[in-house]
Amino acid sequence: MYGQKQSNVARIALTASAALALIGSVHGQYTATYVPSPSGLPKTSESGQSGTNDCGTGSSQTSQCQNFYLNSVEDFCVWAPPNGGEVATFEQVEVSYCTQPGRGTRVIPEGTIQGAHFLKTPHYVQITGVGDFTKIGITAGDEGGELDPHGADGNGNPVGGLMFHNGQQMHEWFSFMSATQFCTRACFDGNRATSLCRHTYDELGCDFNAPGNYAPNQFESCQGNDAQDIMYGYPGLSTFQQADTTNGVQVPSPHPAPASSNCQYFSGITQSSVGYAVASTSSSSSSSSSSSSSSSSTTTSTSTSSSSLATVVTVTSTSAPMYGSTTTASRQAASEVQKNTNAASQLIGMNGGNLIKGTLAVAIGFALFL
């Protein structure tokens, strides 16, 4: 019996290794995958970068940090020029301002965000909203600019800017910032990442690129359907690209916002110094259907507004920031499987991700069947 167990363990380890090789090939198009932690980020990630990705655990309004976190309606960032000005003028050197301290970024001043709407779909996460961004130095009346990981030279705008969602680097994303409106969409790695996070409609703004809720005085977190690919689906046009306007094609009306559900409503944004801790989104169902509100892996408190708002889970921290997250395999297995699982977490991001979980589960199950 012991020999049989040993044989099964060997098959599991071998099959898991093959699965990881397959996962690695999916991410081969990207030059690097980083883990958001005090020791997991380089000083700079691109040549010519003006700021840094090694931002520490404090917060400073003069920080040059260029890491962006999009975790929840209470834990997200926006981009802005480091010394004030118009967004489009300083796209290559923008720095991050975040709602939460503890990751070395600048902190968004109280009263800046006047409405925020977080959406999690099967293929991306998105934040949309409004605010007074003159409070972080953006010129009054600025219609804004577009940020993405590509830019004119392939190094991104800002150069070296990194995007993270709950401990996982998001390689495809876009952000639009103006003096009064913001939106960011970050796509999970996969075959829809580039089509749902297109970066070539940079003159058309949030409403066209990220249809959603931009209502002021509302703070909500919802699950939702994927938006339509903005290249397709317009009456009378087989496709639409921004460059078509130079040939007299009119910009079509934006696609409608996708349907959303399971919304939770918040009275505002609570600062809680979560540091690099990864929000827990585990549930009895699949991770893609888990709640998009964040709950800390340390301590959480539950409160209900005096109005008819839904119950809100507020992240609190009672100990030093956690720099890791749960492993990708929840059951005990052979040590070789654990090593491969940890390697997968480093490859894709600290929270593993559905691809690793599913691939390893199939691999282990197949090996045991054999």
Is Phe176 isolated, or which residues cluster with it under the ILVMFWY side-chain rule of less than 4.5 Å, directly or via members? Phe174
Pairs in or reaching into residues 213-233: which pass salt bridge (Lys or Arg N to Asp or Glu O under 4.0 Å), with residues at least two apart or in two chains? Arg192-Asp226, Arg198-Asp229
Under 6.0 Å between ring centres: does that hold for Phe133 and Phe182? yes
Check side chain to side chain contact (heavy atoms under 4.5 Å, CB included) between Thr245 and all other residues, then give those that pass, not counting sequence neighbours. Phe240, Val251
Are any of the side-chain heavy atoms of Leu147 and Val87 separated by less than 4.5 Å? yes
Test side chain to side chain contact (heavy atoms under 4.5 Å, CB included) applied to Glu94 and Gln66, step by step: CA-CA 7 Å; Glu94 309 273 333; Gln66 293 176 309; 5.8 Å; no
So the disulfide bond (SG atoms under 2.5 Å apart) pairs with at least one residue in residues 88-125 (sequence neighbours excluded) are Cys77-Cys98
Decide yes or no for Phe188 and Val125: does some side-chain heavy atom of the first lie under 4.5 Å from some side-chain heavy atom of the second? yes
Could you pull out all residues at least two apart from Ser59 that satisfy side chain to side chain contact (heavy atoms under 4.5 Å, CB included)? Pro101, Val107
Under the disulfide bond (SG atoms under 2.5 Å apart) definition, can you give me all pairs with a residue in residues 224-255, not counting sequence neighbours? none
Straight-line distance of Thr184 OG1 to Phe68 CZ, nearest 0.5 Å: 3.5 Å
Asn166 CG to Tyr69 OH distance, which is reported to the nearest 0.5 Å: 12.0 Å
Do Glu172 and His150 have side chains that approach each other closer than 4.5 Å (heavy atoms only, starting at C-beta)? yes
Roughly how far, to the nearest 0.5 Å, is the CD atom of Gln126 from the CZ atom of Phe76? 12.5 Å
Going by heavy atoms in the side chains, are Gln64 and Pro82 under 4.5 Å from each other? yes
Should we count CD of Gln242 as having more than 12 external heavy atoms under 6.0 Å? yes
